[in-house]
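Inspection log for the structure reproduced underneath, given as structure tokens.
Everything numeric here is computed off the predicted structure, so don't read it as measured data. Numbers restart at 1 for each chain; the letters A, B, ... are given by sequence-line order, proteins then strands.
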Amino acid sequence: MRLCGWVLRSKVIGKVVIVEVSGSSVKPYVLVGKEDVDPGLYNTLKDLPLGSAICFEGEPSETQKSKRGVEYNVKSVKVYSKPSEPLPVELVGKVPSLLDTRIKYRWLLLRNPLEKAIFKVRQSVIEAARRYLIENGFIEVHTPKIVAAGAEGGATLFKVQYFEREAYLSQSPQLYKQMLVSSLPRVFEITPYFRAEKFNTTRHLNESWGIDVEQGFIDGLEDVLNTLENLVAFIVNYVRENNKEELETLGVELPRISTPFKRLRFEEAIDILRSNGVEVQESEDLSDQAERELGKIMAEKGHDLYFIVGFPWPSTGFYYMREEDGYHTRKFDLDYRGLEIASGGQREHRYERLLEAMKLKGLDPSNFSFYLEAFKYGMPPHGGFGLGVERLLMQMLGLSNIREAAIFVRDRTRLIP
RNA sequence: GCCGCCGUAGUAUAGCCCGGUCUAGUAUGCGGGCCUGUCGAGCCCGUGACCCGGGUUCAAAUCCCGGCGGCGGCGCCA
């Protein structure tokens with residue numbers, strides 16, 4: 001068997017040399033050279049600097065003494081590349097790097113089992129989502145990332161020059177997804193979101209990824225909530241089953257998730273906070289701190305994941321369906337341990353009402369004519385959501401900063417690498 | 001945009017408050033030596049740093065001002 005990777009650790013103890021090689025799995029390959037058994041191999045391994053790119057021919061050894069990796073009996077080693085200078089960061093965690101350094105050298109640090117484990121789990125999240133949605137009749141689509149208008153107005157959009165016109169990077173596939181539901185009853189897209197918001201927090205990125213779903217012919221909001229809760233439960237349980245090595249490496253205990261998730265009405269959430277002594281302003285949305293407090297309270301009651309439904313109209317987008325009272329909407333958030341990981345709702349599919357809602361929000365319908373036209377020819381009742389990949393990963397793995405969940409980070413100050 | 005904290009070898013840090021004792025300490029990495037399986041092995045020798053600019057002072061890593069960079073909080077949101 002031929003295996004390849006990079007020298008991660010190397011230790012010479014007298015006449016024995018032990019080399020760990022970072023390959024495709026989280027746990028390294030372990031190569032052992034003994035001077036009195038195979039002097040040639042011993043010398044080759046002894047002289048390999050950290051970071052060397054090598055391949056070796058070998059089979060798993062009958063003696064497995066290493067606590068970190070899988071040992072191989074090595075027949076031959078081929079060295080493809082040696083570093084021209086010492087590595088800029090520790091890959092083994094003897095001297096942990098600061099987050100800033102970790103982000104700068106992520107492409108190199110991915111040789112480290114911990115760092116690699118995070119992104120192998122991320123891969124599983126995407127794989128599980130795609131599998132679940134396809135199995136449930138959703139079609140994967142791709143919508144434009146260069147757009148003429150955003151879902152919410154222009155404040156948070158990145159401008160780009162599109163020949164002689166001004167265009168924007170898409171902050172959400174929302175409007176396109178809805179248009180597609182006029183022909184394809186179930187669609188989803190795994191997509192980047194671009195947000196030009198100048199925040200600097202542990203849970204915001206300016207380029208992030210979402211699992212975006214839209215579903216037509218629904219009987220009500222419950223259909224959308226069902227899809228989302230089952231999707232999230234499938235993803236988490238999939239990771240639990242398929243990433244045992246990664247979770248162990250990261251020291252993460254991932255409890256099995258069952259559905260349904262608790263549904264809290266917006267007012268209920270505020271009441272719970274107040275009855276637990278948390279001051280909540282009379283407002284149309286929950287502050288981040290309030291959300292965190294609610295997360296703690298809900299966790300004590302055994303709810304890691306819960307919906308908050310029925311957000312007031314003043315704090316929501318124009319496209320959410322309003323209840324008869326004109327104040328509550330069918331917009332919801334999904335919170336995971338006090339952090340919003342998804343939001344969505346039932347949309348307004350009735351043309352006249354949609355037009356009226358846009359005007360109420362101060363938007364000019366003529367800027368959205370391409371979108372509005374889709375509501376003229378038999379738009380079914382529909383709803384959907386966007387699920388943040390980095391946020392889901394962050395909460396699943398207990399990461400303290402969302403930047404840990406993105407390989408190459410785009411935030412307020414980072415544009416390279 | 002506002003507020004707070006921080007910037008010392010490749011990496012991670014001590015020293016800064018109370019200026020001189022700093023020829024800037026330690027770990028890791030790197031170079032060399034010892035050790036017959038290490039588990040962040042261990043031991044010995046060597047190597048390399050005060051973000052930039054200005055100011056105060058006999059004397060600045062240390063105090064002051066400006067710049068640049070990082071971390072976090074708020075708003076907003078996935």
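With a 3.5 Å ceiling on both atom-pair distances, A14(B) lacks any Watson-Crick or G-U wobble partner. Pairing for G4(B) goes to C71(B), judged as Watson-Crick or G-U wobble with the two contacts each under 3.5 Å. Nucleotide G37(B) forms a pair with no other nucleotide shown, judged by Watson-Crick or G-U wobble geometry with both contacts under 3.5 Å. Applying the Watson-Crick and G-U wobble criteria (two distances, each under 3.5 Å), U56(B) pairs with nothing in any strand. With a cut-off of 3.5 Å on both pairing distances, the Watson-Crick or G-U wobble partner of U47(B) is G29(B). Look at C77(B): it lacks any Watson-Crick or wobble partner with both distances under 3.5 angstrom. Pairing for A61(B) is absent, judged as Watson-Crick or G-U wobble with the two contacts each under 3.5 Å.
Nearest to the side-chain atoms of Lys94(A) among the listed nucleotides A78(B), U38(B), G40(B) stands G40(B).
Across all strands, Ile341(A) comes closer than 4.0 Å only to sugar-phosphate atoms, never to a base (heavy-atom distances). Within 4.0 Å (heavy atoms only), Glu291(A) reaches at least one base atom of the nucleic acid. Note on Asn401(A): only backbone sugar-phosphate atoms sit closer than 4.0 angstrom, heavy atoms only; bases stay farther off. When heavy atoms are screened at a 4.0 angstrom cut-off, Leu339(A) is found touching no nucleic acid atom at all. Residue contacts shown for Leu87(A) are absent, as no nucleic acid heavy atom lies under 4.0 Å away. Residue contacts for Arg412(A): at a heavy-atom cut-off of 4.0 Å it reaches no nucleic acid atom on any strand shown. At the heavy-atom level, Ser66(A) lies under 4.0 Å from base atoms of the strands shown. Arg102(A) comes within contact range of no nucleotide atom at all, as no heavy-atom separation falls under 4.0 Å. Thr413(A) comes within contact range of the sugar-phosphate backbone alone, with a heavy-atom separation under 4.0 Å but no base atom that close. As judged by a 4.0 angstrom heavy-atom cut-off over every strand, Val92(A) is placed among residues making no nucleic acid contact. Backbone-only engagement by Ser97(A) is indicated by non-hydrogen atom pairs under 4.0 Å involving sugar-phosphate atoms exclusively. Within the nucleic acid shown, Gly210(A) has no heavy atom closer than 4.0 Å to any nucleic acid atom. Using a 4.0 Å heavy-atom criterion, one finds that Val12(A) contacts the bases of the nucleic acid, with or without backbone contacts as well.
Note that Arg195(A) lies in the cation-pi zone of Tyr193(A), set by a 6.0 Å cut-off to the ring centre and a 45° limit from the axis. Taking the ring centre of Trp313(A) as origin, the terminal cationic atom of Lys331(A) falls outside the region bounded by 6.0 Å and 45° from the ring axis. Geometrically, Lys116(A) does not engage Phe119(A) in a cation-pi contact, judged by NZ or CZ lying under 6.0 Å from the ring centre and within 45° of the ring axis.
Taking atom NZ on Lys104(A) and atom C1' on G10(B), their separation rounds to 10 Å, with Å as the unit. One can place CZ of Arg203(A) at 10 Å from P of G72(B), the figure rounded to the nearest angstrom. When rounded to the nearest whole Å, the span between CD of Glu90(A) and P of G10(B) equals 14 Å. Rounded to an integer number of Å, the gap from Asp47(A) CG to C30(B) C1' is 15 Å.
For Tyr72(A) and Phe56(A), the distance between ring centers is under 6.0 angstrom.
Heavy-atom distances to RNA chain B give each of Ser400(A) and Lys331(A) a nearest nucleotide, and the one nearer the 5′ end belongs to Ser400(A).
Shown here for His349(A) and Phe375(A), the closest heavy-atom pair between the two residues is O-CD2, 3.5 Å. Counting all heavy atoms, side chain and backbone alike, Val32(A) lies closest to Leu45(A) at C-CD1, 4.0 Å.
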